[in-house]
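A short write-up of the structure that comes next.
Computed from heavy atoms alone, side chains included, the values below leave out hydrogens, waters and symmetry copies.
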Amino acid sequence: MTEKLIQGIEKLGLNFSGEQMNALETYIEKVLEFNQSYNLMKADSPDELAVNHILDSLAAVPHISQLIENICSEKNITHSDLLLGDIGSGGGCPGLPLAVAFPDIKFVLVERMEKRCAFLESAVRAMKLENVTVNCTSANLIRMNTFDLEVFRAFHPFDKQISYLLLNMLKKGGYLAAYKARAEKIQAEMESVKSIIPEYKKIALTVPFLEDHERNLVVVKKA
């Protein structure tokens with residue numbers, strides 16, 4: 001078991017079962033197996049993958065959890081009624097780590113590149129994740145009002161076209177949660193789309209072993 005993964009999960013205060021930890025360990029093995037030929041993400045070792053990608057994805061768990069509760073409360077639905085989309089899933093972050101953290105939420109990994117879809121499907125099977133499906137298609141082909149909650153990590157900067165696309169896929173009252181880095185870059189991005197997204201919330205994230213790296217979650221609610 002990757003030592004930094006174990007320590008990082010503890011630092012984040014996540015009470016994962018042995019089964020959940022095994023799923024994350026399996027994910028690390030699958031990424032490292034496929035990475036060289038599939039160019040999934042920048043990671044040369046289990047620790048680098050655990051810290052830069054998995055723990056980075058999981059740092060937002062308390063905030064994603066709150067968004068889930070908000071949606072369920074406002075719409076009077078249960079967790080099992082929710083659909084969460086990981087847009088431009090690529091190598092599976094943040095979607096797969098979040099799917100491990102929220103086993104009662106249905107996840108769809110949206111990825112247009114066939115090679116990466118093949119990896120994602122292989123990883124989902126190996127991790128034994130029954131709450132995840134892979135949709136091998138371009139995001140602009142997803143039906144309107146599909147997702148209650150959307151996440152993305154390395155999909156695309158906010159611009160007008162992307163903002164319309166993301167909001168189009170989202171149900172009314174749903175949330176968009178984007179993993180971002182520096183605050184000044186976020187401010188510039190969001191300023192360029194304020195006619196489409198007039199309001200957003202920026203939440204600082206602390207990633208174990210990356211405390212000196214600025215990480216933020218940008219949250220947008222669809223009115």
Q: Verify, without hydrogens or angle tests, whether Asn35 (side chain) and Leu40 (backbone) share a donor-acceptor contact under 3.5 angstrom.
A: yes

Q.
Can you confirm whether Leu55 sits close enough to Leu210 that some side-chain heavy atom of one is under 4.5 Å from a side-chain heavy atom of the other?
A. no

(Q) So, taking the atom named CG in Asn145 and the one named CG in Leu167, what distance separates them when rounded to the nearest 0.5 Å? (A) 11.0 Å

Q. Less than 4.5 Å apart, any side-chain heavy atom of Ile54 and any of Leu5?
A. yes

Q: Find the distance between CZ (Phe16) and CD1 (Ile9) and round it off to the nearest 0.5 Å.
A: 4.5 Å

Q: Please report the C-alpha distance between Asn131 and Asp104 in whole Å, then the side-chain angles of each, then the deciding distance to 0.1 Å, and finally whether the side-chain contact (heavy atoms from CB on, under 4.5 Å) criterion is met.
A: CA-CA 7 Å; Asn131 60 326; Asp104 53 347; over 6 Å; no

Q. Side chains of Val207 and His213: closer than 4.5 Å at any heavy-atom pair?
A. no

Q | Within residues 126-162 or reaching into it, pairs that qualify as ring pair (Phe, Tyr, Trp, His ring centres under 6.0 Å) - sequence neighbours excluded | A | Phe152-Phe155, Phe152-Phe158

**Q.** Between CE on residue Met21 and OG1 on residue Thr26, distance to nearest 0.5 Å
**A.** 11.0 Å

(Q) For His53, is there any backbone N or O sitting under 3.5 Å from a side-chain donor or acceptor partner on Ser57? (A) yes

Q: Scan residues 126-154 for pairs that pass salt bridge (Lys or Arg N to Asp or Glu O under 4.0 Å), counting only residues two or more places apart or in two chains.
A: Asp56-Arg153, Lys75-Asp148, Asp148-Lys171

Q: Only counting residues at least two apart or in another chain, list the ones meeting ring-ring contact (aromatic ring centres under 6.0 Å, His included) with Phe119.
A: Phe34

Q. Taking atom CD1 of Ile68 and atom NE2 of His63, what is their separation to the nearest 0.5 Å?
A. 13.0 Å

Q: Assess whether atom CD of Glu211 is packed by more than 12 heavy atoms of other residues, nucleotides or ligands within 6.0 Å.
A: yes

Q: Examine Leu217 and Met190 and state if one hydrophobic cluster contains both, with Ile, Leu, Val, Met, Phe, Trp and Tyr joined whenever side-chain heavy atoms are less than 4.5 Å apart.
A: no

Q.
Side chains of Glu191 and Lys194, heavy atoms from C-beta outward: is any pair under 4.5 Å?
A. yes

Q | Side-chain donor-acceptor contact under 3.5 Å, Asn70 with Ser73 | A | no

Q) Is there a chain of hydrophobic side chains (I, L, V, M, F, W, Y, each step under 4.5 Å between heavy atoms) that links Val110 to Leu165? A) yes

Q. What residue pairs, at least two apart or across chains, pass salt bridge (Lys or Arg N to Asp or Glu O under 4.0 Å) with a residue in residues 20-46?
A. Lys30-Glu33, Lys42-Glu48

(Q) Under the salt bridge (Lys or Arg N to Asp or Glu O under 4.0 Å) definition, can you give me all pairs with a residue in residues 179-189, not counting sequence neighbours? (A) Lys180-Glu189, Arg182-Glu184

Q: Starting at CD of Glu19, measure out to CE of Met127 and round the result to the nearest 0.5 Å.
A: 11.5 Å

Q | Candidate pair Phe107 and Leu129, rule side-chain contact (heavy atoms from CB on, under 4.5 Å), full reasoning | A | CA-CA 10 Å; Phe107 282 72; Leu129 294 177; over 6 Å; no

Q. Within the side chain of Tyr27, is there an N or O that forms a donor-acceptor pair under 3.5 Å with the backbone of Ala123?
A. no

Per-pair distances, 0.1 Å, donor-acceptor, side chain in residues 83-102, under 3.5 Å, sequence neighbours excluded:
residue : atom : partner : partner atom : Å
Asp86   : OD2  : Ser89   : OG           : 2.7
Asp86   : OD2  : Gly95   : N            : 3.0

Q) Under a 4.5 Å side-chain heavy-atom rule over Ile, Leu, Val, Met, Phe, Trp and Tyr, are Met169 and Val108 clustered together? A) yes

Q) Taking C-beta and beyond as the side chain, do Leu58 and Leu24 meet within less than 4.5 Å on heavy atoms? A) yes

(Q) I'd like to know if the side chain of Ser65 and the backbone of Val61 have a donor-acceptor N/O pair within less than 3.5 Å. (A) no

Q) Are the side chain of Lys172 and the backbone N or O of Lys222 linked by a donor-acceptor pair below 3.5 Å? A) no

Q.
Determine whether a donor-acceptor pair (N or O, by modelled atom type, separation under 3.5 Å) exists between the side chain of Glu121 and the backbone of Ala118.
A. no

Q: State, to 0.1 Å, how close Lys202 and Ala183 come at their nearest heavy-atom pair, and which atoms those are.
A: CE-CB, 4.0 Å

Q.
Hydrogens and angles aside, do Asn140 and Ser138 bring a side-chain donor and acceptor to less than 3.5 Å of each other?
A. yes

Q | Atom of Cys72, atom of His79 and distance for their closest heavy-atom approach | A | SG-CD2, 3.5 Å

Q. Just by distance, do the side chain of Lys11 and the backbone of Pro208 share a donor-acceptor pair under 3.5 Å?
A. no

Q. Under a 4.5 Å side-chain heavy-atom rule over Ile, Leu, Val, Met, Phe, Trp and Tyr, are Met41 and Val124 clustered together?
A. yes

Q) In Å and rounded to the nearest 0.5 Å, what is the NZ to CD1 distance from Lys4 to Ile6? A) 13.0 Å

**Q.** Enclosure of Glu74 CD (heavy-atom neighbours >12, cutoff 6.0 Å)
**A.** yes

(Q) Assigning hydrophobic clusters by single linkage (Ile, Leu, Val, Met, Phe, Trp, Tyr; side-chain heavy-atom cutoff under 4.5 Å), is Ile105 placed with Leu170? (A) no

**Q.** Over all atoms of both residues, closest heavy-atom pair of Tyr38 and Arg116
**A.** O-NE, 4.1 Å

Q: Give a yes or no on whether Gln161 atom CD has more than 12 heavy-atom contacts from other residues, nucleotides or ligands under 6.0 Å away.
A: no

**Q.** Exercise: identify the closest heavy-atom pair between Ile64 and Ala177
**A.** CD1-CB, 4.1 Å

Q: Say whether, by atom type as modelled, one donor and one acceptor occur between the side chain of Arg112 and the main chain of Cys117 under 3.5 angstrom.
A: no

Q. Shortest non-hydrogen contact from Leu12 to Thr206?
A. CD2-O, 3.9 Å

Q: Check Ala43 against Leu32 and note the closest heavy-atom contact, atom names and distance.
A: O-CD2, 4.0 Å

(Q) For the backbone of Val193 and the side chain of Asp159, can you confirm whether one donor and one acceptor N or O come within less than 3.5 Å of each other? (A) no

Q.
Check whether Asn135 reaches the backbone of Leu109 with its side chain - one donor and one acceptor, N or O, closer than 3.5 Å.
A. no

